[in-house]
Amino acid sequence: MNIYKKVFDGKNIGEILYDEPMKNHTTFKIGGSCDVMIFPKNEEQIINVLQLIKHNDFAYRIIGNGSNLLVSDDGLREVVIKLHDNFNEMRIEGDILTAKSGALLSTVSKLAINNSYAGFEAVSGIPGDIGGAITMNAGAYGTEMKDIVHRVKVIDTDLNVKYFNCDEMDFSYRHSRVQDEKLVVLEVELLLKKGDQQEILNNFHDYTERRTS
């Protein structure tokens, strides 16, 4: 543990928790402690912590909301980078809704609905955040993330920031190039369409009822 403190303490990487119980960060509320959990608040801090991890050859993983994540009671002997409430800003410009990777799908859906944008209703009930949804090309009721993604901003293993258009993401069933190339999703741009707000709400409630049943 001392080696982690020596590497991370005092660095511009966000909040740091040592020996942090994973049960506090999974929806199933299970899991032993990880060696270190780090909560970067911006792109610079994410790159900084990845640089330190790479330089010291630490094992690590990225998590978001911890939805449906099963962690052993033995815990994780690695660095866990959490991108959730600390990295969840959203905005709309024209027909593009941009969300940081830690934004919950349900929260993104509310922003879209409140601004009368259609296209996100079918996937809005999937638990988890948009970074995870992009990673596995999440989908429901005939709609997958690939159907509404415009562009994805990532960090590659060489710590370069890149943008990939939808057709460059290698989306397939529950798969994307994020998995193959161990990319870190920073931000997602969704291409939505203006619609009738009441009709969008009706569709949203219909999908919600179907999912609940």
Side-chain angles (χ1 to χ4, degrees), residues 22-31 61-72 80 82-92 95-154 164 166-167 169-180 183-213:
M22 289 299 298
K23 67 181 181 180
N24 296 337
H25 303 277
T26 62
T27 55
F28 286 124
K29 303 301 180 188
I30 65 171
R61 75 178 62 236
I62 310 289
I63 69 167
N65 186 45
S67 300
N68 299 338
L69 187 65
L70 298 173
V71 181
S72 166
V80 176
K82 183 167 184 177
L83 302 179
H84 183 44
D85 290 337
N86 50 311
F87 198 69
N88 63 0
E89 297 91 348
M90 300 175 295
R91 64 183 184 277
I92 292 180
D95 290 335
I96 300 293
L97 190 159
T98 302
K100 300 289 187 185
S101 60
L104 284 172
L105 291 174
S106 58
T107 306
V108 176
S109 173
K110 289 177 183 176
L111 179 62
I113 291 171
N114 290 340
N115 287 273
S116 301
Y117 280 96
F120 204 78
E121 302 93 301
V123 297
S124 61
I126 297 174
D129 51 51
I130 201 159
I134 289 297
T135 299
M136 64 174 293
N137 186 30
Y141 306 112
T143 297
E144 295 179 318
M145 295 305 298
K146 69 178 179 61
D147 300 318
I148 52 178
V149 165
H150 173 61
R151 194 168 62 157
V152 181
K153 185 179 184 181
V154 302
F164 293 117
C166 183
D167 58 2
M169 285 296 296
D170 297 337
F171 284 126
S172 59
Y173 183 74
R174 303 301 174 260
H175 168 268
S176 75
R177 73 184 297 168
V178 175
Q179 299 163 327
D180 297 335
L183 306 174
V184 178
V185 178
L186 294 174
E187 193 173 85
V188 180
E189 296 177 3
L190 304 174
L191 182 60
L192 305 176
K193 297 179 180 179
K194 274 286 189 180
D196 177 77
Q197 189 174 58
Q198 189 57 55
E199 182 178 341
I200 295 168
L201 270 171
N202 290 342
N203 289 336
F204 170 77
H205 290 312
D206 177 56
Y207 287 125
T208 300
E209 289 176 8
R210 290 163 65 181
R211 177 175 290 276
T212 301
S213 65

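Note: hydrogens, waters and symmetry copies are ignored here, and every other heavy atom, side chains too, is used. A quick note: this is a predicted structure, and the numbers were derived from the prediction, not measured.
- Screening residues 61-70 for side chain to side chain donor-acceptor pair (under 3.5 Å) gives Arg61-Glu78, Asn65-Ser67, Asn65-His84 as the qualifying pairs, with residues at least two apart or on separate chains.
- Contact between Val108 and Ala99 at its shortest, heavy atoms only, is CG2-CB, 4.0 Å.
- No donor-acceptor pair closer than 3.5 Å links the side chain of His150 to the backbone N or O of Thr98.
- If you take CG on Leu105 and OG1 on Thr107, they are separated by 8.5 Å, rounding to the nearest 0.5 Å.
- Lys23 is not listed as a side-chain neighbour of Val71, based on a closest heavy-atom distance of 4.5 Å or more.
- The minimum heavy-atom distance linking Leu191 with Ile96 is given by the pair CD1-CD1, 3.6 Å.
- Within the 4.5 Å cutoff, side-chain heavy atoms of Ile130 are placed close to those of Met145.
- Closest of all the heavy-atom pairs between Arg174 and Ala138 is NH1-C, 3.9 Å.
- For Lys100, the salt bridge (charged side-chain N to carboxylate O under 4.0 Å, His left out) criterion is met by Glu187, not counting sequence neighbours.
- His175 pairs in a side chain to side chain donor-acceptor pair (under 3.5 Å) with only one of the listed residues (Asp170, Thr135, Asp180, Asn137), which is Asp180.
- Each side chain to side chain donor-acceptor pair (under 3.5 Å) pair with one or both residues in residues 188-200, not counting sequence neighbours, appears once here: Arg151-Glu189, Gln198-Asn202.
- In this structure, CD1 on Ile92 lies 9.5 Å from CG on Leu190, to the nearest 0.5 angstrom.
- Interatomic distance, Leu111 CG to Leu97 CG, rounded to the nearest 0.5 Å: 5.0 Å.
- Not a single donor-acceptor pair under 3.5 Å links the side chain of Glu209 to the backbone N or O of Asp206.
- Contact record, Ser101 with Val185: OG-O, 2.9 Å, taken as the closest heavy-atom pair.
- Not a single salt bridge (charged side-chain N to carboxylate O under 4.0 Å, His left out) links Asp147 to another residue, sequence neighbours left out.
- Looking only at side-chain heavy atoms (C-beta outward), Ser124 and Tyr207 stay at 4.5 Å or farther from each other.
- The minimum heavy-atom distance linking Phe120 with Leu192 is given by the pair N-CD2, 4.4 Å.
- Considering only residues two or more places apart in sequence or on other chains, Phe171 meets the ring-ring contact (aromatic ring centres under 6.0 Å, His included) condition with none of them.
- Put simply, NE2 on His205 and CG on Asn203 are 10.5 Å apart, with the number rounded to the nearest 0.5 Å.
- Contact between Lys82 and Gly64 at its shortest, heavy atoms only, is CE-O, 3.2 Å.
- Phe164 CZ to Arg177 CZ: the interatomic distance, rounded to the nearest 0.5 Å, is 3.5 Å.
- The closest side-chain heavy-atom distance from Leu201 to Ile113 is below 4.5 Å.
- For the atom pair Phe28 CZ and Met22 CE, the distance stands at 13.5 Å (nearest 0.5 Å).
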Does Leu70 form a side chain to side chain contact (heavy atoms under 4.5 Å, CB included) with Ile30? I'd like the steps, not just the answer. CA-CA 7 Å; Leu70 298 173; Ile30 65 171; 3.8 Å; yes
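- Identified under the salt bridge (Lys or Arg N to Asp or Glu O under 4.0 Å) test for residues 116-132, with sequence neighbours left out: none.
- Side-chain N or O atoms of Ser176 include none that pairs as donor or acceptor with a backbone N or O of Met169 at under 3.5 Å.
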